[in-house]
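Here is the naming used below: chain letters follow the sequence lines, and residue numbers restart at 1 for every chain.
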Amino acid sequence: MKKKIGIHWFRNDLRINDNPSLNYLSRNYDNILGVFIFDEINANPKLGSASKVWLNYSLEYLKKQLNGNLIVFKGEPKECLDELIHFFDAREISWNRCYEPWIIKRDKKLKIYLNEKIKVNSFNGSLLWEPWEILKNDKTPYKVFTPFYKRGCLSAANPRIPKSEKINFFDHNFRVTNISDLDLLENKMWENEILSQWRVGEDSSNEIMKSFFQNGVQNYSEGRNFPNKKNVSRLSPYLHWGQVSPNSIWYEVNSLKNLKHDDLEVFKSELGWREFAYYLLYHFPYIQRKNLKSNFDNFQWIDDSSSFKKWSQGLTGIPIVDAGMRELWQTGYMHNRPRMIVSSFLVKNLLIHWKRGEEWFWDCLFDADAASNSASWQWVAGTGTDSTPYFRIFNPVTQGQKFDPTGEYIRKYVPELKNLPIKFLFSPWECPNEILKNINLKLGKDYPHPIVDLKESRQRALSTYEQLRMNK
DNA sequence: AATTAATTTGT
DNA sequence: CAAATTAAT
């Protein structure tokens with residue numbers, strides 16, 4: 001007798017544990033097929049370089065978890081799934097939902113098409129609350145984080161409790177596309193460098209979560225601001241790819257004993273910000289490209305490729321900015337504090353369009369996430385709803401002094417400044433020539449002069465943003 | 001999730 | 001005169 005087969009389509013849920021679609025199938029089918037489709041045809045935007053690297057090794061890991069039985073395709077999902085359903089005579093297919101506009105559009109069509117042949121089901125595998133569940137009393141979406149989170153999310157039904165089941169993956173001999181055939185890897189040297197401090201895969205994400213909850217989450221509400229402290233989870237890439245579910249994190253942190261109230265609430269609210277980003281992208285899908293506040297559409301951004309290039313390379317001459325940008329390039333990640341500093345610098349001091357920064361982050365970040373990335377850039381630029389006010393312009397010198405007081409973060413990523421006394425580490429241009437001579441550091445040669453005057457560019461940003469406010 | 005300058009308070 | 005508070009951006 002033929003075995004009953006259900007297909008699970010892996011997307012941004014590269015895990016076995018707490019996977020609603022897999023759990024569902026395992027209750028109804030003796031055997032499950034796991035399939036991943038690399039869809040470059042519909043993707044918009046296409047995956048960034050760092051994301052491809054992460055995906056490559058994540059798929060290899062997942063394939064091992066499935067005893068080699070992960071089926072990998074490259075191409076149009078409709079055709080790939082057709083072939084698979086036909087070959088295995090599968091009875092049902094299911095997946096966990098994604099919320100990127102291009103995926104919603106693709107999946108909607110696909111669902112209608114597949115429904116003609118077999119049962120199709122989708123589940124919530126990556127959000128604590130789905131966007132349509134949280135609405136104001138007048139049925140319109142929230143636009144401000146605090147009411148969204150407190151009145152919306154926290155007073156709604158509790159998130160699904162994580163659950164892991166034994167999944168029987170079908171042992172097959174279907175033709176296999178090698179993961180290497182997906183051509184996800186391009187630049188070995190850079191890839192080895194950025195991967196060197198990461199361990200990709202579901203089990204690593206669980207270990208990282210557990211060890212963060214044992215140590216780093218203590219004093220989270222304070223310590224999370226300091227890029228040199230171990231008080232951030234660094235779970236964002238795993239969360240993006242679904243190697244850990246937000247539900248697992250939510251309930252795990254809730255179960256901790258001896259965690260200060262503030263640390264718990266602030267940590268959870270960061271998951272809340274992730275929810276808010278997905279929420280905004282769902283309800284306002286154009287925020288990936290266009291200002292959420294349309295009065296910014298005529299804003300006088302400066303198209304300055306030379307400054308942008310220096311920013312992206314970490315050669316602005318402002319140490320904390322360069323440290324952040326180099327952390328990004330070298331590790332595929334940037335701590336949240338420098339993320340805010342470098343983006344404020346690009347958007348306000350340089351007056352370069354947030355979209356250019358968003359695209360650079362998209363290409364370089366392991367945790368590149370359409371929702372969080374666009375929402376965060378618009379937050380910094382002031383073009384989003386509930387974003388930072390136009391006059392909040394980070395001073396990268398005082399930010400450095402406050403949040404990297406020992407200078408360790410700067411010295412780590414901008415080693416040419418390692419001998420600079422702490423007094424001038426945040427503003428080398430103020431360092432007396434005598435000291436520069438002593439440590440053999442030539443500004444303009446070993447390290448650049450600042451590409452903009454902080455005071456002047458701050459004034460320029462204020463007046464440019466002020467104009468916009470007048471014209472409203 | 002900020003900065004700066006002006007102003008008041010504290011020792 | 002430094003530190004804290006406040007107003008304005």
Side-chain angles (χ1 to χ4, degrees), chain A residues 142-150 153 219-229 231-233 236 262-277 279-280 287 292-293 295-296 299-300 318-321 324 334-351 354 357-358 361 367 369 371-405 409 426-427 430 450 452-472:
Chain A
Y142 287 97
K143 289 181 172 170
V144 181
F145 174 72
T146 307
F148 160 78
Y149 181 61
K150 297 216 158 131
C153 300
N219 195 37
Y220 179 78
S221 94
E222 268 284 311
R224 63 184 288 274
N225 289 303
F226 295 80
N228 205 44
K229 291 189 176 171
N231 286 301
V232 291
S233 72
S236 49
D262 248 31
D263 294 332
L264 175 70
E265 291 310 319
V266 174
F267 181 81
K268 281 161 69 180
S269 80
E270 295 305 318
L271 289 174
W273 276 99
R274 175 178 177 275
E275 299 284 316
F276 191 45
Y279 183 85
L280 290 176
I287 64 164
L292 188 54
K293 283 183 187 158
N295 60 317
F296 271 87
F299 189 83
Q300 293 289 308
I318 318 279
I320 191 79
V321 173
M334 198 193 309
H335 184 280
N336 179 249
R337 174 59 50 176
R339 281 192 207 206
M340 291 192 291
I341 300 172
V342 303
S343 50
S344 165
F345 182 77
L346 184 79
V347 156
K348 298 199 167 163
N349 297 88
L350 297 179
L351 286 178
W354 60 265
E358 189 265 351
F361 274 28
D367 63 31
D369 184 283
S372 295
N373 202 28
S374 51
S376 303
W377 274 96
Q378 295 225 35
W379 182 85
V380 172
T383 60
T385 308
D386 191 25
S387 57
T388 184
Y390 72 95
F391 48 79
R392 184 179 288 156
I393 300 168
F394 284 72
N395 179 331
V397 176
T398 47
Q399 284 283 312
Q401 290 164 336
K402 234 190 228 171
F403 298 113
D404 186 26
Y409 179 72
F426 307 98
S427 52
E430 290 176 331
V452 280
D453 180 90
L454 290 178
K455 208 168 174 180
E456 272 171 28
S457 56
R458 176 174 198 278
Q459 260 343 101
R460 182 179 65 170
L462 276 175
S463 57
T464 314
Y465 273 79
E466 179 69 23
Q467 258 175 32
L468 185 94
R469 215 166 60 104
M470 309 278 274
N471 295 341
K472 198 155 59 171

For this session: Measure from the side-chain N and O atoms of A:Asn349 to the backbone N and O of A:Ser457, and report whether any donor-acceptor pair falls under 3.5 Å.
Result: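 Such a contact is absent between A:Asn349 side chain and A:Ser457 backbone.
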
Exercise. Looking only at atom types and distance, does a side-chain atom of A:Asp263 sit under 3.5 Å from a main-chain N or O of A:Ser221, one as donor and one as acceptor?
Worked result: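 Yes; at least one donor-acceptor contact below 3.5 Å.
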
Could you give the [atom1]-to-[atom2] distance, from [X] to [N], as a whole number of Å?
X: A:Asn349; N: B:dT4; atom1: CG; atom2: C1'; result: 14 Å
X: A:Leu454; N: B:dT4; atom1: CG; atom2: C1'; result: 14 Å
X: A:Lys348; N: B:dT4; atom1: NZ; atom2: P; result: 13 Å
X: A:Glu456; N: B:dT3; atom1: CD; atom2: C1'; result: 17 Å

Exercise. In Å and rounded to the nearest 0.5 Å, what is the CG to CG distance from A:Asn225 to A:Asp404?
Worked result: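 Taking CG in A:Asn225 and CG in A:Asp404, the distance rounds to 12.5 Å.
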
Exercise. Rounded to the nearest 0.5 Å, how far does CZ of A:Phe276 lie from OH of A:Tyr142?
Worked result: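 Taking OH in A:Tyr142 and CZ in A:Phe276, the distance rounds to 11.0 Å.
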
Seminar exercise, completed: Parsed dot-bracket for DNA chain B after applying the Watson-Crick and G-U rules with both distances under 3.5 Å and | for other-strand partners is .|||||||||.

For residues [X] and [Y], determine if any side-chain heavy atom of one lies less than 4.5 Å from a side-chain heavy atom of the other.
X: A:Leu346; Y: A:Trp377; answer: yes
X: A:Glu270; Y: A:Arg224; answer: yes
X: A:Tyr409; Y: A:Pro338; answer: yes
X: A:Lys348; Y: A:Phe394; answer: no

Exercise. Looking at A:Met340 and A:Ser343, what are the two nearest heavy atoms and their distance?
Worked result: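 Answer, listing the atom of A:Met340 first, then A:Ser343: O-OG, 3.2 Å.
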
Protein N or O to nucleotides 7-9 of chain C N or O, pairs below 3.5 Å:
none

Problem set entry | Qualifying residue for side-chain contact (heavy atoms from CB on, under 4.5 Å) with A:Gln378, from A:Thr385, A:Asn373, A:Leu280, A:Thr383 |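 Only one of A:Thr385, A:Asn373, A:Leu280, A:Thr383 forms a side-chain contact (heavy atoms from CB on, under 4.5 Å) with A:Gln378, namely A:Thr383.
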
Exercise. Can you list, by residue number, the residues of residues 395-403 of chain A that have a non-hydrogen atom closer than 4.0 angstrom to DNA chain B?
Worked result: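 Close to the strand are A:Asn395, A:Thr398, A:Gln399, A:Lys402.
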
